[in-house]
Amino acid sequence: MRQFFKYKLKYRVNTKIFISFIFIILVTSVTSLLISYWLFKDSIEKASIVRLEDSILAYYNEIQLIKETCLTAVSALAKDSSIAALVSQGNRTYLGQILSNYYRMGLFDIVEILDKDGSVFIRAHDPEEKGDFKIDQHIIQRGLAGETVVSFEGGRSGIAIRAVAPLEKDGNIVGLLMLGRLFSEKFAENMKRLTGLNNGIYWGNMKIISTFDDILQTIDDNKMAKLLKNGYVMFHKKINNDRYHFMIKALYTDDQHYWGAILLFLREESNARYLSYIKMVLFFMLTIGFFLSLRVYLFLAADINNSLSKIIDGIDKLDINSGLQTQIIDIKANDEFKIIAESINALSRKIYKYNQEIILMQTNMIESAKLAVAGQLSAGLAHEIKNPLSSIKMMSQIIKSRHLKDENGLDEINTVLEQVDRIDKLVKDLLEFSKPRPMSFSSCDINELVLDIVTTVSKIGHKNITIECELADNLPFLSVDSEKIKICFINFAVNAIQAMPEGGKLIITTLLQSDKINIEFKNNGPAIAQRNIGKIFEPFFTTKEQGSGLGLAISKLIIERHHGTIDFSSNEQETVFKVILPMEKNISE
């Protein structure tokens with residue numbers, strides 16, 4: 001059944017991963033690619049429009065540059081007094097040479113001089129032609145009026161950008177100088193090479209020159225209205241199953257009258273080819289992305305299944321009574337499953353720890369119950385023994401003082417009194433253990449207490465035993481019941497001395513460690529038997545012939561009432577009792 005649930009869990013997880021893969025990877029990828037295609041398409045159209053706008057602006061700027069060039073050149077050349085003098089003299093030979101030099105520079109298609117009656121006096125671009133009357137042209141009339149002007153005009157040479165400037169001698173106009181650039185096929189082809197687009201020039205609404213045939217010979221009225229209103233117009237038109245982008249920009253004379261327009265257009269065939277290429281690239285990206293994502297999915301699914309199996313198997317093996325304290329689930333990958341595994345491992349260790357604490361608490365409760373019963377029995381027995389014992393001691397002392405005047409029987413009565421004293425001490429220990437007296441805390445110097453007990457135990461008869469003290473300097477005062485602490489220290493010291501009947505060394509050490517004071521009693525006597533180590537603090541346990549088995553039990557009780565602990569260790573080299581007392585003020589129980 002558990003195996004079935006394991007496979008069911010894997011199935012559900014893999015299903016969810018696959019559905020997530022479909023919706024997150026595929027749906028997102030397809031949507032992203034469709035949006036990308038739409039953006040590409042929109043960008044291509046916008047790029048076409050931008051290209052048209054940039055190209056027509058370049059075209060327009062080129063025309064404006066030609067106007068400025070013609071106007072600047074005609075103004076500068078008209079100021080040459082020698083030209084005006086030659087015109088007034090009628091010297092065509094020298095004038096022809098001068099004008100020919102400017103014509104050969106290639107900047108102008110039209111280089112000519114007119115008489116003051118508006119007829120052609122000489123032209124460098126067509127020296128044989130002369131006598132052409134242009135008095136009816138507005139630009140000629142303005143030039144004869146003394147203005148230097150540039151405009152779009154037509155003539156025998158064709159429609160062109162023409163600039164005129166008056167030639168003056170002695171303050172009188174003797175003729176006009178004209179420079180210009182024709183709107184010719186050469187001009188249109190040059191602009192096509194510059195912009196990369198087909199182009200055309202319109203005079204009014206009629207095409208006068210272009211790089212294309214049979215397309216938009218005239219600008220219709222609707223487009224003309226928009227052109228006159230906005231200065232430009234853009235539109236799409238399908239011609240012979242091909243779609244084109246068109247843009248028309250108006251041209252104005254110096255006095256801001258509409259003269260004509262520039263037209264540029266762009267065929268969409270290149271855009272369609274580019275979009276087809278984009279489709280192929282996007283489809284290729286989608287296909288590659290699908291297979292890569294599928295491979296990632298299969299890898300993740302296998303990794304997840306492996307991690308899930310380890311986690312489930314680890315949970316199955318979890319046993320709080322096994323004593324297992326290390327990790328039960330081992331996942332190498334540094335991912336979410338490792339975090340889960342570590343959490344389960346930590347939980348396993350905590351459960352084991354709590355289980356051990358519960359077992360210890362149960363053991364302690366059993367021991368406490370035993371001690372409570374023993375204490376109640378001891379207290380009752382002690383009270384029952386104390387009164388008759390006092391009577392026996394009193395009567396023995398009376399017998400000794402009244403009837404034993406010589407040495408006969410004195411040893412026996414002294415032995416009775418010693419044994420009575422021994423029983424009396426045992427009764428006191430029983431009462432102290434079963435019903436401890438209240439603590440009396442005061443601030444004490446632990447080093448002084450140690451020195452006091454050293455003085456006390458030194459009076460006990462012992463041979464070849466050295467007592468050394470290694471006391472820390474500047475120990476802080478500690479709030480303790482000094483009399484009861486002395487009892488503890490004396491018990492430890494006496495036990496150490498009694499454990500070395502052949503002689504040895506007792507070292508008493510004090511040490512401040514963090515927020516605790518450590519007092520250590522170390523002797524180099526024989527090691528305590530391994531079977532007895534766990535029993536030395538139990539009441540009534542003793543290995544001495546004359547021992548009561550209550551000394552260490554009472555000492556442990558006193559230290560615990562001070563919220564301290566006792567550490568104990570014993571080996572072939574040494575036996576150590578370490579008392580650890582906290583620095584905080586103890587509270588009497």
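Remark: side-chain polar atoms of N447 are paired, donor with acceptor, to backbone N or O of A472 under 3.5 angstrom. Using a distance-only test at 3.5 Å, with no hydrogens or angles considered, no donor-acceptor pair links the side chain of S514 to the main chain of K516. Distance alone, capped at 3.5 Å, is enough to place a donor-acceptor pair between the H562 side chain and the D481 backbone. Side chain of D515 to main chain of M583: no donor-acceptor pair is present (N/O by atom type, distance under 3.5 Å, no hydrogens or angles).
Side-chain contact between V576 and F568 is absent, with no heavy atoms from C-beta onward closer than 4.5 Å. For the pair S442 and V480, the minimum side-chain heavy-atom distance is 4.5 Å or more. Residues C444 and S482 form a side-chain contact, since some pair of their non-hydrogen atoms from C-beta on lies under 4.5 Å apart.
Residues satisfying the salt bridge (Lys or Arg N to Asp or Glu O under 4.0 Å) test with D445, not counting sequence neighbours, are none. Residues passing the side chain to side chain donor-acceptor pair (under 3.5 Å) test with T509: none are found, sequence neighbours excluded.
Across L451 and C469, no two heavy atoms sit closer than the pair CD2-SG, 4.4 Å. Contact record, I566 with K556: CD1-CA, 3.7 Å, taken as the closest heavy-atom pair. Counting all heavy atoms, side chain and backbone alike, F492 lies closest to S555 at CZ-CB, 4.1 Å. The shortest non-hydrogen separation linking M247 to M234 is CG-CG, 3.7 Å. Closest approach of I508 to L471, counting heavy atoms only: O-CD2, 4.2 Å. Residue A496 comes nearest to L506 through the heavy atom pair CB-CD1, 3.8 Å, listed as atom of the first residue, atom of the second, then distance.
T466 OG1 to N523 CG: the interatomic distance, rounded to the nearest 0.5 Å, is 12.5 Å. Atom NZ of K484 is separated from atom CZ of R561 by 6.0 Å, given to the nearest 0.5 angstrom. We find the CD1-CD1 distance between I467 and I507 to be 11.5 Å, quoted to the nearest 0.5 Å. Atom CZ of R51 and atom CG of L197 lie 4.5 Å apart (nearest 0.5 Å). Note that the CD1 atom of I519 and the CD1 atom of I559 stand 7.0 Å from one another [nearest 0.5 Å]. Taking CD1 of I490 as the reference point, atom SG of C488 lies at 9.5 Å (rounded to 0.5 Å).
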Criterion side chain to side chain donor-acceptor pair (under 3.5 Å) on Q513 and N518, from CA distance to verdict: CA-CA 7 Å; Q513 188 173 31; N518 298 344; 2.8 Å; yes
Stepwise side-chain contact (heavy atoms from CB on, under 4.5 Å) test for K486 and L449: CA-CA 7 Å; K486 278 184 180 181; L449 292 181; 3.6 Å; yes
Full working for side-chain contact (heavy atoms from CB on, under 4.5 Å) between I497 and V457: CA-CA 9 Å; I497 291 171; V457 298; 4.2 Å; yes
Candidate pair N524 and Q573, rule side-chain contact (heavy atoms from CB on, under 4.5 Å), full reasoning: CA-CA 6 Å; N524 58 358; Q573 286 76 34; over 6 Å; no
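Checked against the 6.0 Å centroid threshold, F521 and F577 do not count as a close aromatic pair.
Defined by atom type and a distance below 3.5 Å, a donor-acceptor pair is present between the side-chain atoms of T575 and S570.
Put simply, the residue from T195, L266, L57 that forms a side-chain contact (heavy atoms from CB on, under 4.5 Å) with L52 is L266.
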